[in-house]
Amino acid sequence: MSALILALVAGAVIGLALGALGGGGSVLAVPALIYLLGFTPVAATTAGLVIVALTSATALTAHARDGHVRWGAGLLFAAAGIGPAMLGSALAAHLPAGALQAAFATVAAVAAVRMLQPRGEAEAARSVRPGHAAAAGAGLGAVTGVLGVGGGFLAVPALVGVLGLRMREAVGTSLLVITVNSLAALGLRGGTVDRLDWSVVGPFAGAAVLGAWDGRRLASRAKARTLQQVFALALLAVAAFMLVDAVL
């Protein structure tokens, strides 16, 4: 029963962050699965992809209804990441648990630092440069495949800074990219998915999906920058703990 409660609470928090920020919440799924629910790093990254795919797809529908998804740019960005996501997923199965955990902690720390940096919103949408979209999308796909995270904390800045999307459009479009990359990475983890503890992963994913709807409403009422800073500080603390744990 305690594992079920932990799964529900962790899923709700992660969904809330993902729905409010368009990314970042999923990066807490893996450490929650490892430290709170006893998953191995490989099983946690696989379960993380399942949770991220379901939650992102749910949040995407809400943002799409509001007209905040740039489908052309998002599909171009996502298409470039499918191959790297699949290759990264295959690589993750052969990495030592400590190396995978250290890599995850490093990426989480980078994500937290990026979130804390001031970032202005693009004043107007610019034309999308296919080369820039492909390069950024490939890098994001690789991170998704190896570490089992959606990569929204990298996708949103890339969609704003590289592709020139407005912040609201970047948040919605990032969910499209996350969904595609997560499904691609899961394509090479079929055997691992079958061995997951679905009595934990199911409630976790369900709570995350419901939390994503609340997160979207929260984003419309609270300052996005404040939410992002609070989440970034929490993420930085988690990353530091994971890195120390992996090294020691």
Side-chain angles (χ1 to χ4, degrees), residues 14-15 17-19 21-27 29-30 45-93 104 107 111 125 128-190 192-193 201 205 208-209 212-213 215-216:
I14 288 163
L18 186 62
L21 303 176
S26 60
V27 80
V30 172
T45 55
T46 302
L49 287 170
V50 173
I51 293 163
V52 168
L54 291 173
T55 309
S56 299
T58 301
L60 173 63
T61 60
H63 284 269
R65 282 202 303 271
D66 292 339
H68 294 153
V69 178
R70 290 277 296 276
W71 293 97
L75 289 174
L76 176 63
F77 197 95
I82 291 175
M86 297 179 74
L87 290 175
S89 184
L91 175 63
F104 187 96
V107 171
V128 175
R129 296 182 180 182
H132 289 181
L140 180 65
V143 171
T144 299
V146 174
L147 301 181
V149 297
F153 55 85
L154 298 174
V156 172
L159 290 168
V160 172
V162 178
L163 303 188
L165 272 62
R166 296 183 178 90
M167 184 60 71
R168 285 186 179 274
E169 291 178 334
V171 169
T173 305
S174 75
L175 293 167
L176 170 63
V177 176
I178 292 167
T179 302
V180 173
N181 282 344
S182 299
L183 291 174
L186 278 171
L188 291 182
R189 298 199 187 196
T192 308
V193 170
V201 176
V209 168
W213 287 99
R216 175 179 165 271

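Side chains included, hydrogens not; waters and symmetry mates left out as well; all remaining heavy atoms used.
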On a heavy-atom basis, which atom in [X] and which in [Y] lie closest, and how many Å separate them?
X: V201; Y: A47; value: CG2-CB, 4.0 Å
X: A184; Y: I82; value: CB-CG2, 3.9 Å
X: L60; Y: G172; value: CD1-O, 3.7 Å
X: A205; Y: L54; value: CB-CD1, 3.9 Å
X: V146; Y: T45; value: O-CG2, 4.4 Å
X: A208; Y: I51; value: CB-CG2, 4.1 Å

Could you work out, with side chain to side chain contact (heavy atoms under 4.5 Å, CB included) as the rule, every residue matching [X], not counting sequence neighbours?
X: A142; value: P84
X: L87; value: none
X: A80; value: A134
X: L75; value: L176

Closer than 3.5 angstrom, by distance alone: can the side chain of [X] be matched with the main-chain N or O of [Y] as a donor-acceptor pair?
X: T173; Y: G74; value: no
X: S89; Y: A185; value: yes
X: S174; Y: V171; value: yes
X: T61; Y: T58; value: yes

* Approximate separation, where rounding is to 0.5 Å, of M86 CE and L186 CG ->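 Here the interatomic distance stands at 10.5 Å.
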* What is the distance from atom CZ of F77 to atom CG of L165, rounded to the nearest 0.5 Å? ->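 Those atoms lie 10.0 Å apart.
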* Taking the side chain as every heavy atom from C-beta outward, state whether I178 and V52 have any atom pair closer than 4.5 Å. => yes
* Asked: Does the side-chain contact (heavy atoms from CB on, under 4.5 Å) test come out yes or no for H63 and L175, once each step is laid out?
  -> CA-CA 9 Å; H63 284 269; L175 293 167; 3.4 Å; yes
